[in-house]
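Beneath this line is the structure, given in structure tokens, with notes to follow.
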Amino acid sequence: MGESPILFLELDKYIMEQIKDFSSFLNERVIQIPDKQGKIIVLLGPPGAGKGTLAKKLVKRNGFQHISTGDMIRNSDDKELKDLIAKGKLVPDKIMINLLKAKLGSVDFEKGIILDGFPRTLDQARKLDSILGKMGVGLSSAVYLNINSDTAKERLAKRAEEEDREDDKDEEIIKQRFKEFKEKTVPIIDFYKSSRKLKDIKSGVPHEEVYQRVVNSLGLVSKKDEEE
Ligand code: ADP
């Protein structure tokens, strides 16, 4: 032995450099990771499945923050986007993804997040994983509110009266929204099934029952709210 001390010295130096690189890599990562991450939940389902109602209960009773991409567009000043909603068409992925990215920059991950209406396409689902990954957080579950289309359409008719939403009033627009769901959103169900994140929840039953099923399946504490 003792034939190649230089080689050992070089090796030492090399290892030290690698350790230094790795620790600065870790430091950068640690800074990005929030102290505590609440659950990040995606809600999927056709129009009228009950995503908004469920989201409101999870906010009120379990402290989640609610992000509704539909509300974001309805409350925006962008006429082109509002026109798309009015026609029952999806907003293009690139625009929607940028809007969501900006929104996620200002949320408190500690509280947990309900993403209501996003993702709606496979591209959005894949981008969501990468956006969250870069922020050092991850998606917990995707809740699919499984409802038959006749029941969902009956609910939309009721909502059209209660909430005065233009896109709930016209039969052709409703048809278009269901078509978008079937063609673009349904493939996401398999995407989350294969990563074992999908919770398939029967909807079309009273909202309280859906809420109880969801909290059980997500392992949350079930809470009742007498005032509702
Ligand atoms: P619903 O699920 O009952 O149709 P939403 O408020 O979730 O209601 O969505 C209303 C409309 O907003 C959609 O029909 C679509 O035009 C637009 N929208 C909402 N979220 C997205 C999204 N993630 N990608 C594209 N368009 C969206």
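All ligand and atom numbering here is 1-based and tracks the order in the structure.
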Stepwise, does the side chain to side chain contact (heavy atoms under 4.5 Å, CB included) test hold for Lys39 with Leu220?
CA-CA 10 Å; Lys39 285 185 183 341; Leu220 300 171; 4.0 Å; yes
Test the Lys153-Phe178 pair against the cation-pi criterion, namely NZ or CZ under 6.0 angstrom from the six-membered ring centroid and within 45° of the ring axis.
yes
Identify the protein atoms, limited to N or O, that lie within less than 3.5 Å of an N or O atom of ligand 1, and list each pair with its distance to 0.1 Å.
from	atom 1	to	atom 2	distance (Å)
ligand 1	2 (O)	Lys51	NZ	2.7
ligand 1	2 (O)	Arg120	NH2	2.9
ligand 1	3 (O)	Arg159	NH2	2.9
ligand 1	3 (O)	Arg177	NH2	3.4
ligand 1	4 (O)	Arg120	NH2	3.4
ligand 1	4 (O)	Arg177	NH2	3.0
ligand 1	6 (O)	Arg74	NH1	3.1
ligand 1	6 (O)	Arg74	NH2	2.7
ligand 1	7 (O)	Arg120	NH1	3.2
ligand 1	7 (O)	Arg120	NH2	3.2
ligand 1	8 (O)	Arg165	NH2	3.2
ligand 1	9 (O)	Arg120	NH2	3.4
ligand 1	16 (O)	Lys89	O	2.7
ligand 1	20 (N)	Thr69	OG1	2.8
ligand 1	20 (N)	Gly117	O	3.3
ligand 1	20 (N)	Arg120	NH1	3.0
ligand 1	23 (N)	Gly117	O	2.8
ligand 1	23 (N)	Gln124	OE1	3.0
ligand 1	24 (N)	Gln124	NE2	3.0
ligand 1	26 (N)	Val91	N	3.0

Between Phe181 and Arg120, is there a cation-pi geometry (under 6.0 Å to ring centre, at most 45° from the normal)?
no
Would you please name every residue forming a side chain to side chain donor-acceptor pair (under 3.5 Å) with Asp164, sequence neighbours left out?
Lys169
Do Asn62 and Tyr211 pair up side chain to side chain, a donor and an acceptor below 3.5 Å, judged on atom types alone?
yes
For Ala49, is there any backbone N or O sitting under 3.5 Å from a side-chain donor or acceptor partner on Arg155?
yes
